[in-house]
Colleague: 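Dropping a structure here in structure tokens format, bear with me for questions.
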Amino acid sequence: MIVADTNIIAYLYLPSEFTAAAEALFERDHEWAAPILWRSEFRNILAGYMRRKALTFEQAMSIQQAAEDLLDGLEFEVVSTDVLELVKTSDCSAYDCEFVALAKKLDTRVVTMDGKLLRAFPGRTTPLIAG
């Protein structure tokens with residue numbers, strides 16, 4: 001099991017230079033977890049695609065549903081104290097620290113391409129693509 005940050009989930013469903021890597025990750029480990037926050041972040045990504053006319057409403061809804069199905073039963077609440085402790089010791093956003101808090105709770109790692117998160121929490125994060 002891994003904790004997938006929202007961009008990793010997006011790479012799986014939306015074509016990008018990282019889609020092949022996200023697909024390969026899913027082949028290796030198809031049990032992806034995320035804090036409930038991922039839904040709002042993912043909807044915001046889809047909103048951007050809709051506003052740029054890169055996706056229709058129907059396509060966005062279909063992708064949202066597919067991603068929700070992927071994470072069914074693997075979405076978790078995180079404890080605010082745990083998140084704020086991580087914020088206190090880093091310069092990462094509380095949003096990003098939710099993923100790290102969940103990784104600690106599940107004793108796994110966050111897969112991300114966020115450089116700040118990778119630098120702040122090297123013991124709990126791993127890059128999608130080693131650079």
Colleague: Y13: which residues meet the ring pair (Phe, Tyr, Trp, His ring centres under 6.0 Å) condition with it, sequence neighbours left out?
Modeller: none
Colleague: How close do V110 and A103 get, counting heavy atoms only, and between which atoms?
Modeller: CG2-CB, 3.6 Å
Colleague: Hey, what do you get for OG (S93) to CG (L86), rounding to the nearest 0.5 Å?
Modeller: 11.0 Å
Colleague: Do L14 and T19 come within less than 4.5 Å of each other through their side chains, counting heavy atoms only?
Modeller: no
Colleague: Are the side chains of D96 and V87 in contact, using a 4.5 Å heavy-atom criterion?
Modeller: no
Colleague: So, taking the atom named CG in L46 and the one named CD in E41, what distance separates them when rounded to the nearest 0.5 Å?
Modeller: 12.0 Å
Colleague: Any side-chain heavy-atom pair from L70 and L12 closer than 4.5 angstrom?
Modeller: yes
Colleague: Could you tell me which non-hydrogen atom of A10 sits nearest to which non-hydrogen atom of I45, and how far apart they are?
Modeller: CB-CD1, 3.9 Å
Colleague: Going by heavy atoms in the side chains, are E31 and L74 under 4.5 Å from each other?
Modeller: yes
Colleague: For E23, give me all partners under salt bridge (charged side-chain N to carboxylate O under 4.0 Å, His left out), at least two apart in sequence or on another chain.
Modeller: none
Colleague: Can you run down the ring-ring contact (aromatic ring centres under 6.0 Å, His included) pairs that involve residues 41-95, sequence neighbours left out, and say none if there aren't any?
Modeller: W38-F42
Colleague: Of all the heavy-atom pairs spanning A54 and Q59, show the shortest one and how long it is.
Modeller: O-OE1, 4.3 Å
Colleague: Name each donor-acceptor pair under 3.5 Å that joins a side chain in residues 113-128 to protein atoms two or more places apart or in another chain, with its distance.
Modeller:
residue, atom, partner, partner atom, Å
D114, OD1, K116, N, 3.0
D114, OD1, L117, N, 3.0
R119, NH1, G115, O, 3.2
R124, NH1, D107, OD1, 3.4
R124, NH1, T108, O, 2.8
T125, OG1, F121, O, 2.7

Colleague: Quick one: do I129 and V3 end up in the same hydrophobic cluster if we chain Ile, Leu, Val, Met, Phe, Trp and Tyr together by side-chain heavy atoms under 4.5 Å apart?
Modeller: yes
Colleague: Holding to side-chain hydrogen bond (donor to acceptor under 3.5 Å, both in side chains), I want the full list of residues that pass it with K88, two or more places apart in sequence or in another chain.
Modeller: E85
Colleague: With hydrophobic residues grouped by side-chain heavy-atom distances under 4.5 Å, do L106 and V111 end up in a single group?
Modeller: yes
Colleague: Do F99 and L102 come close enough that some side-chain heavy atom pair is under 4.5 Å?
Modeller: no
Colleague: For the side chain of D29 and the backbone of M1, is there at least one donor-acceptor N/O pair under 3.5 Å apart?
Modeller: yes
Colleague: Measuring from E98:CD to L37:CG, what's the distance to the nearest 0.5 Å?
Modeller: 4.5 Å
Colleague: Is it the case that over 12 heavy atoms from other parts of the model lie below 6.0 angstrom from the CZ atom of R52?
Modeller: yes
Colleague: Name all residues meeting the salt bridge (charged side-chain N to carboxylate O under 4.0 Å, His left out) criterion together with E77; count only those two or more places apart in sequence or in a different chain, and write none if there are none.
Modeller: none
Colleague: Would you name the heavy atoms of R43 and E68 that are closest together and state the gap between them?
Modeller: NH1-OE2, 4.5 Å
Colleague: Please report the closest heavy-atom contact between V83 and A101, naming both atoms and the distance.
Modeller: CG2-CB, 4.0 Å
